[in-house]
Structure formats: structure tokens, C-alpha cells
Amino acid sequence: MNSNESCDAPDRLLTLTEAIAAALHSISPIHATETVPLCDAYGRVLAADLPARLDAPPYDNSAMDGFALHRADLKPDAPTRLPVIGDALAGHPYAGTVPQGAAVRITTGGLIPEGPDAVVMQEQCLIAPDERWIELEARTATRLRLGENIRRRGEDVRAGAVLLPGGLQLRPQDVALAAGQGYAVLTVARQLRVAVASTGDELHSPGVDLPPGAIYESNRYILMGLLKRLGCVVTDLGILRDDREAMLPVLRDAAATHDVLLTSGGVSVGAADWVKDVIAELGTIQFWRLAVKPGKPVTFGRIGDCLVLGLPGNPVSVMVSFLLFARPLLRKRMAATPTEPLRVRAVADFSFRRKPGRREWLRARLRPDPERGWLAMIYPNNSSGALSSLSWADGLIDLPEDCAGIAPGDTVDYLPFSGLGVE
Ligand code: AMP
Ligand code: MG
């Protein structure tokens, strides 16, 4: 006897929003941190606010290749000729003060020497063949503003300000910002250790011959890829048989050594669906089944300190429930700041009939239309077993619980995969 009878369906299924709120409430971010060199920091979660050590830029410098000069020297009604008395190249500051009536050649990033208060672009100057003087036309002179082409010390970042907020999952530009402040290492949250198992007697790994009634298994390849993109360390538990006694020790041992256990399959109401039973035996189930489509039988619980997410078996359900349900929970456990998935409005270029009640996601793509803006198309086969629909799609259309159907021209919400961490 499995637990489907004991886990009575509640009168009303939890909505996704309710389920996420309940689960987030019970999840605490990991505290353990480690210090990593910058080149290993991409995708890691910054453990605490990182202060700016320096003003950036650290000194007034030129935004252009040109000549640093005193603006007051420029004549508004006749050409101005100025002697060039030296160079202020990037990395080679001009030693000394540039007096009134003189200019120095400067390159982008070069320190503005004492004296000058503007930089004129070299393209706007007549330069003597021996480069001993420059001449500016009156028109150029009158247009040059005080401080023009000078990047002021601290205009980008002020020393002491928060450079990067704790909880940020570091992108290349964030790591670069830290590098620009002289940080060689960063303190980040320890990576989540996540174990992944598929369940089902019909499943075989790719690379073997299939017996009758069997299929190649695909869910681990969705989950392992998504988890790696999220920055988790993944353990592959392989394929577990639909056998309570075989499953139990594997899940127990994995739960003892991982932060999160992700299974797929075996959480529905079939005679071979043992995953819920095993979780309930080893730990607790906080909830089972959500008012969503696909992904209704999602199970959430814990075994000791290990979060357990029992995802459904169908590949589309696995990906959708991972992105919309599991991902925000894992991000909280990873100590990452919560983010809302990017949501864009699009015009439906399809019709879709449905019964209100469950929140539903359709595999979709956008295409631009010169008159109507972004048009959303959906995949013709809406089955949650149609894995090719996920490969075809670039995102999901999000239909709210009360939606009674879509007609061409309706406005729909589109969630690009890229806003859910899938590039
Ligand atoms: P279940 O929830 O275990 O009844 O599985 C639902 C459907 O998903 C069945 O058709 C399974 O064969 C299929 N399925 C379950 N796990 C996998 C997997 N890892 N890869 C591909 N299909 C799967
Ligand atoms: Mg199964």
C-alpha cells in the first residue's frame, strides 16, 4: 500500500504563490562561506555587502585622446594657438604644473595634470607637423565646456559605498567591478550540494539497447544542467527502481550528505509511485500537489536538514516545476537575493481552450511583427510528455488560475527562459 490514500487531497490545492511562500518560510540560507579567487567567483553568491575601497576613477583623468588645456586661454572670435609642452599618457603622468597659455598631449585614462580644466579631442585640433603646437578654431573653442572630457575622481564609485550587495549572484561585470577595486579574492556562500535521482522501472540510461516497454531517461539531463547553471554542486544518483526498499537507503544516505535532494517521477497516484512514501518515512512532507499545470503532483518536504523536492515524472513538468517552484527555493537556500522572473507582455498569435482553476504554462516563442509588436506562438502539442516542445520554446506563457482561455490578439505574459537562468 503506498501513501496516496494517507496523503488525502485537500479540498483546495495550494496555488504556486502560496506554496512558494510556505516553502520559503521554512528555508534558511546557508551560512557557510568560502573565499575564492576572482576567476572562480562567476555565478557564486556574494556572502556580504562588499564595500568600495577606492574612489573610482581614483584621479581626474581624460575621457579622450587629445590635449589638456586651460579653457580661459581659448579665444571666442579667432583661432587659438597653444604650445604643447609635454605628454600625460595613461600610466605616465605629466610631472609638474601646466601653466596658463600651454597644453599637454593626453591619452584616454591619462591623469589630468595640475592646471588644465578641459580636454579637447585631438580630432578637433590642427596639430603642428612637429607636434610642438596645436590650434583650435573659434567654433571649437566656444563649444568646449569647463571640465569637458574630464572624468572626475569618484564619479563612478565613492570609497566606502556598497560596491556590490550581499546575496548577488556574481556576473562577469560584478567580478570586474571588484577587480577594479583591487579585490583579488571574494567571500561567497558555500555552493549548495544537490543530489538528483530519476525514478522509474521503464527508464534506461542513454547508450544501452532498449528492451520493450522501456524509454531512455531524460529528466536528469534537464535537472543537472539547470542546477549547474544555478551554481550548485550536483551528485548524480542515477535511476532508482520503483521499489520502496531499494529507494529508501539511497535517499536516506543522499539526504545526510546534501543540502537538497531532487527526484523526478513516482510522486503521482500510480501503483508504483513510492517517492512520497519514502520521504514521509525518512522525514516529513510539508505539502503535495499544487494548482498548476503541468507539475501538479509536486512534493515538498525535508529529511533532516535536507530539503526534498519530489518533481513529477513528465519531462515538461520537471522543467516547468523546477524553474517556477524549485528555483526560488534553491536560491534562498543558496543565500541569493530573491528575484522576480522577467515577464514581458506579448500579443497571442494563437487560441487556447482551457478550464479555469490551475495556473498553467505553455511552451512559447516570440516573433516580432512590425504593426503588432511581439507576437507569441505556442507549440502545437501541449502534452507534458512532449520534450521537443521545450527544445523548440524560448520561454513560457504564464496563464493565471482564473484564465478561461486565450483568443488571438489577447495580451499574454511571456517569461523568457533567459529570465529564469536558462540561456
Ligand atoms: P511518473 O510520475 O513516475 O508516473 O512518470 C510520469 C511519466 O513521465 C511517465 O510516462 C514516465 O515514463 C515519464 N518519466 C518519468 N521519469 C522520466 C525520466 N527521468 N525521463 C523521461 N521520462 C520520464
Ligand atoms: Mg514512474
Side-chain angles (χ1 to χ4, degrees), residues 1-7 9 13 19 194-228 232 234-248 250-251 254 260-281 285 287-301 308-326 358 360-361 363 379 381-393 422:
M1 177 74 55
N2 72 29
S3 68
N4 300 321
E5 290 90 328
S6 61
C7 240
L13 298 181
V194 184
V196 178
S198 291
T199 70
D201 285 347
E202 74 281 30
L203 305 178
H204 289 257
S205 288
V208 302
D209 288 336
L210 276 187
I215 58 168
Y216 289 118
E217 101 88 4
S218 32
N219 291 346
R220 273 180 307 151
Y221 299 94
I222 299 178
L223 291 174
M224 291 192 295
L226 292 172
L227 287 164
K228 284 184 180 160
C232 302
V234 184
T235 305
D236 180 5
L237 300 178
I239 299 168
L240 309 182
R241 298 289 141 217
D242 288 320
D243 172 3
R244 191 178 181 285
E245 305 316 315
M247 227 177 247
L248 194 131
V250 178
L251 298 191
V260 181
L261 177 54
L262 269 181
T263 63
S264 71
V267 287
S268 195
V269 293
D273 290 339
W274 291 109
V275 172
K276 286 196 309 297
D277 258 34
V278 172
I279 301 171
E281 162 100 28
I285 291 180
F287 52 78
W288 170 58
R289 305 217 299 174
L290 306 179
V292 298
K293 189 178 179 192
K296 183 176 167 195
V298 157
T299 305
F300 176 74
V308 185
L309 288 134
L311 305 183
N314 279 305
V316 177
S317 312
V318 167
M319 179 143 173
V320 169
S321 54
F322 181 91
L323 293 179
L324 294 151
F325 176 66
R358 288 194 267 163
E360 183 164 5
W361 295 276
R363 279 78 80 200
Y379 197 70
N381 181 353
N382 193 40
S383 157
S384 56
L387 186 50
S388 60
S389 65
L390 285 175
S391 196
W392 172 87
V422 191

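When a ligand or atom number is given, it counts from 1 through the structure's own listing order. In this text, all values refer to a predicted model and were calculated from it rather than measured experimentally.
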To which protein heavy atom is [atom] closest, and what is the distance rounded to 0.1 Å?
{"atom": "atom 10 (O) of ligand 1", "value": "Asn314 OD1, 4.2 Å"}
{"atom": "atom 17 (C) of ligand 1", "value": "Asn219 ND2, 3.1 Å"}
{"atom": "atom 3 (O) of ligand 1", "value": "Gly266 N, 2.9 Å"}
{"atom": "atom 11 (C) of ligand 1", "value": "Glu202 OE2, 3.0 Å"}
{"atom": "atom 13 (C) of ligand 1", "value": "Gly313 O, 3.8 Å"}
{"atom": "atom 22 (N) of ligand 1", "value": "Ile215 CD1, 3.6 Å"}
{"atom": "atom 20 (N) of ligand 1", "value": "Ser218 N, 2.9 Å"}
{"atom": "atom 19 (N) of ligand 1", "value": "Glu217 OE1, 2.4 Å"}

side-chain contact (heavy atoms from CB on, under 4.5 Å) with Leu240: of Asp201, Val275, Val278, Val250, only one passes, and it is Val250

Can you check whether [X] reaches [Y] side chain to side chain, under 4.5 Å on heavy atoms?
{"X": "Ser321", "Y": "Val292", "answer": "no"}
{"X": "Leu203", "Y": "Arg220", "answer": "no"}
{"X": "Leu290", "Y": "Arg358", "answer": "no"}
{"X": "Glu202", "Y": "Asp242", "answer": "yes"}
{"X": "Tyr216", "Y": "Leu210", "answer": "yes"}

In terms of ring plane angle, is the pair Phe300 and Phe325 parallel, tilted or perpendicular, where the classes change at 30° and 60°? perpendicular

Logged contact type for Ser198 with ligand 1, heavy-atom cut-off 4.0 Å, is side chain

Under 4.0 Å between heavy atoms, the region of Ile239 that gets near ligand 1 turns out to be neither

Numbered in order shown, the ligand 1 atoms found under 4.0 Å of a heavy atom of Gly265 are 2 (O), 3 (O)

Value for CG (Leu237) from OG1 (Thr263), rounded to nearest 0.5 Å, stands at 10.0 Å

